[in-house]
Amino acid sequence: MSNNKGVKKIQIFEGGNTSIFSKQSFVIPLYQRAYAWKEKEIEQLIDDIDDIEDTVDHYYIGTLIVHNRNKDSDNDINNQSSEENTKPLEVIDGQQRLTTLFLLFNYLNICEKNDGHLTFECRDRSNDTLNNLLQINNNTYQGDLDKLEKSIIDGSKIIKSKFREIEDQDEFKKKLEKVVLYQIEVPKNTDLNRYFEIMNSRGEQLEQHDILKAKLIDFLDKNDEKSRTVFSTIWDACRDMDDYVQMHFHSVGNKIRNTIFGQNWDYYPNKTWENFLTCFSNEKDDNKEFSFESIIKTDINKSYFNVKFENNDQVRFTSIINNFTYFLLHTLKVFVRFHKLKNENDEDFVLEELLDDKKLISSFDKVINEAFYEKKKVSENKSQFSQDFIILLLKTRFLYDRFIIKSEKSETNKDGEWSLNRIDTSGQQSKKRSYYRDTFYKAEQENCLMLEACLRISYTSPKIMHWITYALYDLIDNPDGKNLYNTLEQYTKGEIKKNFFDKKDYDTMGLDTPHIVFNYLDFILWKNERKNSQYQNLFNDFEFNFRNSVEHFYPQHPTEVESVGEKANYFGNLALLSREINSKFSNLTPRQKIEYGETKTGSLKLRLMSDIIRNMDEKTQSWIQGGESSECFKHGEKMLDILYENIYSDKRNK
């Protein structure tokens, strides 16, 4: 329990059917938006819980801000009567996480029935959906699905699909017992309109990276205003992940930007701390406060968010790392390697592999308190650490922007596509403006962009985007990017060796086959075979999209044809699909599935499988029933051979 007035530490699950919902009911007020969490947010919440270590006593997942409409006094929330606890609390902030927890508990049979524990005010569709979740999930619901809330149904399906990756649900429930959140009740007579006005003006609550910024600035000399200004300016420029970092250095006549990045704004910022102090020496300091309050009020100028090409086609970039916290963790790993940090035994200092946004502060504390830097403990020279880290942060952001793909949308391209661009300029002085061009020359550009897209859609969780760390490792040593493709190719091959070919029954892993296997196979086919006249019609319009569900081409549990048992898990019978198409395919036969457009525009392996079916004589040939003589088995062996020979440069032993 917390001693703070109005604050309560909630253990969300205590075993059995005892959860946050069995002790208290909640209402989502009408002014709140509908449930809107998608796959990324839901899967990240489940990953956070699944990654809890045995040594952890409590794992904090967020804050729930509530308003007690029926409370008669300002007493501590912990002193409420039992009758008062049964009255719904109005959820002011945190409803997306709370609703997701309810869906999760329902899937795990912790909250089989709603019984009014979570309701949406004046939203019958949402309430009917919550009240019938069990039947919906079991496909026994007799009502009209069109009258239910689709976003809640989709969220429940995503949870069900995610748990295919989690082998032991009982172990997951044990981890749930360690999860806590802080429930904060706003005081009686709080003006909620004013409260929301304050929340909206700040944009977001204080985050870990805000706290870290204040901490690292505090390591600098408190009387050295210039150093603190330089640190804060660079940090704020790096913070916005959806625009090129150069565009956040503002000064009269672009002086600072020209000095740091050159006249074309594309020069690698390989400068010393003294160089940066000189860059800012003649600039007016508009931010002399470095308190927590001043930091969270930082408002990065968004006027450059919509940049322009020379043809005036407005373009918007979206970073594949959309949370600055994760980029800081990547950069910290690069810092450890680049500066050759050691532990107390003079061995290479190692941070845990998983990128956990909840551990940003603790990861930095570990480096500061345990690592040795040039024979001295980092904690003995914190000022130097802050200076070196902010310089490296700017370098990694520059390299990331230039050499790592982004999603790009423009006025002529509404759907978005992958882009790999470097910044350039046209015009002079005050009329100078930016435009963007390919980072590499044609063949290298195509290969690098497609390989990065292959990796991006394979590792969707920001916690496991280790390929970006490896890319930054290479780029910080080779900022021209000439070795980047080879580095990423070797990384990909290593992952497939370790997680696929090194497994005993890799060719029959079924739904457990790693996504990178399918996507890298598509990359090899695209790179080596797209100009082959045999495949041109199949391959010419291929691009990497988020196909995040492994599908049996011949169904594992067919309704109209015979089951083939474990043969359904042949590698030749598998392909990656979007989750939406997967639900449509369901238990259809291969011939029924090829009528869908996805088999013509989806992954290259799926296109090849569909092409085989179209050209197959049903009377004399079988897709899968013939075992090793079937077209499915032969297709799988051919694909595995292509993959194996690319990775090992040798023939596969069968």
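Between Ile184 and Ile92, the closest side-chain pair of non-hydrogen atoms is not below 4.5 Å. Contact check for Leu354 versus Ile464: side-chain heavy atoms found under the 4.5 Å cut-off. Residues Ile49 and Tyr59 form no side-chain contact, since every pair of their non-hydrogen atoms from C-beta on lies 4.5 Å or further apart. Between Ile136 and Ile152 the shortest side-chain heavy-atom distance does not fall below 4.5 Å. Ile46 is not listed as a side-chain neighbour of Thr100, based on a closest heavy-atom distance of 4.5 Å or more. Using a 4.5 Å cut-off on side-chain heavy atoms (C-beta onward), Trp37 and Gln44 make no contact. Annotation: side chain of Leu360 is in contact with side chain of Phe364 (closest heavy-atom distance under 4.5 Å). The shortest side-chain heavy-atom distance between Phe546 and Arg456 falls under the 4.5 Å cut-off.
Proximity of a side-chain donor or acceptor of Asp401 to a complementary backbone N or O of Val245 within less than 3.5 Å is detected. With hydrogens and angles disregarded, no donor-acceptor distance shorter than 3.5 Å links the side chain of Trp467 to the backbone of Tyr459. Checked by atom type and distance alone, the side chain of Glu43 never pairs as donor or acceptor with a backbone atom of Glu41 at under 3.5 Å. Between the Lys463 side chain and the Asp48 main chain, no donor and acceptor come within less than 3.5 Å of each other.
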- prompt: Would Ser383 and Gln387 count as a side-chain contact (heavy atoms from CB on, under 4.5 Å) if you check the C-alpha gap in whole Å, the side-chain angles of each, and the deciding distance to 0.1 Å?
  reply: CA-CA 6 Å; Ser383 176; Gln387 294 173 18; 3.4 Å; yes
task: Report the C-alpha distance between Asp170 and Lys174 in whole Å, list the side-chain angles of each, state the deciding distance to 0.1 Å, and finish with yes or no for salt bridge (Lys or Arg N to Asp or Glu O under 4.0 Å).
output: CA-CA 6 Å; Asp170 290 334; Lys174 290 180 182 178; over 6 Å; no
task: Could you please spell out the steps behind the side-chain contact (heavy atoms from CB on, under 4.5 Å) verdict for Tyr35 and Ser126?
output: CA-CA 9 Å; Tyr35 182 65; Ser126 296; over 6 Å; no
Step-by-step side-chain contact (heavy atoms from CB on, under 4.5 Å) determination, Leu472 to Ile468: CA-CA 6 Å; Leu472 293 174; Ile468 293 179; 4.2 Å; yes
- prompt: Taking it one step at a time, do Leu101 and Leu181 satisfy side-chain contact (heavy atoms from CB on, under 4.5 Å)?
  reply: CA-CA 11 Å; Leu101 286 175; Leu181 55 76; 4.3 Å; yes
- prompt: For Asp51 and Lys175, what are the C-alpha separation, side-chain angles and deciding distance, and is it a salt bridge (Lys or Arg N to Asp or Glu O under 4.0 Å)?
  reply: CA-CA 9 Å; Asp51 292 333; Lys175 293 180 179 182; over 6 Å; no
Check against ring pair (Phe, Tyr, Trp, His ring centres under 6.0 Å), Phe172 and Phe163: CA-CA 10 Å; Phe172 184 86; Phe163 268 83; 5.0 Å; yes
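Atom CD1 of Ile12 and atom CG of Leu98 lie 9.5 Å apart (nearest 0.5 Å). The NE2 atom of His209 sits 5.0 Å away from the CZ atom of Arg239 when rounded to the nearest 0.5 Å. The distance from the NZ atom of Lys150 to the CZ atom of Arg125 is 11.0 Å, given to the nearest 0.5 Å. The NZ atom of Lys173 lies 6.0 Å from the CG atom of Asn109; values are rounded to the nearest 0.5 Å. Put simply, CD on Glu90 and CD on Glu185 are 11.0 Å apart, with the number rounded to the nearest 0.5 Å. To the nearest 0.5 Å, the span separating OG1 on Thr460 from CG on Leu455 amounts to 12.5 Å.
Between the side chains of Thr129 and Glu149, not a single donor N or O lies within less than 3.5 Å of an accepting N or O. Side-chain N/O atoms of Lys213 and Ser232 include a donor and acceptor closer than 3.5 Å.
The two residues Leu355 and Pro462 make their nearest non-hydrogen contact at CD1-O, 3.6 Å. Taking all atoms of both residues into account, the shortest heavy-atom contact from Val550 to Arg164 is O-NH1, 4.5 Å. Taking every heavy atom of both residues into account, Ser386 and Phe231 meet most closely at O-CE1, 3.6 Å. When every heavy atom of Ile405 is checked against every heavy atom of Glu452, the shortest pair comes out as N-OE1, 2.8 Å. The two residues Met241 and Ile321 make their nearest non-hydrogen contact at CB-O, 3.4 Å. In plain terms, the two heavy atoms of Thr99 and Phe120 that are nearest each other are OG1-CZ, 3.9 Å.
A side-chain contact (heavy atoms from CB on, under 4.5 Å) with Leu103 holds for exactly one of Ile42, Leu108, Leu130; it is Leu130. A side chain to side chain donor-acceptor pair (under 3.5 Å) with Tyr326 holds for exactly one of Thr331, Asp356, Asp357; it is Asp357.
Using cut-offs of 30° and 60° on the angle between ring planes, the pair Trp235 and Phe389 is tilted. Between Phe385 and Phe335, the two ring planes are perpendicular [angle over 60°; tilted spans 30° to 60°]. Ring geometry, Phe327 versus Tyr400: the interplanar angle exceeds 60°, so the pair is classed perpendicular (tilted spans 30 to 60°). Between Tyr182 and Tyr60, the angle of the ring planes lies from 30° to 60°, which puts this pair in the tilted group.
Here Asp242 does not pair with Lys406 in a salt bridge; the nearest charged N to carboxylate O distance is not below 4.0 Å.
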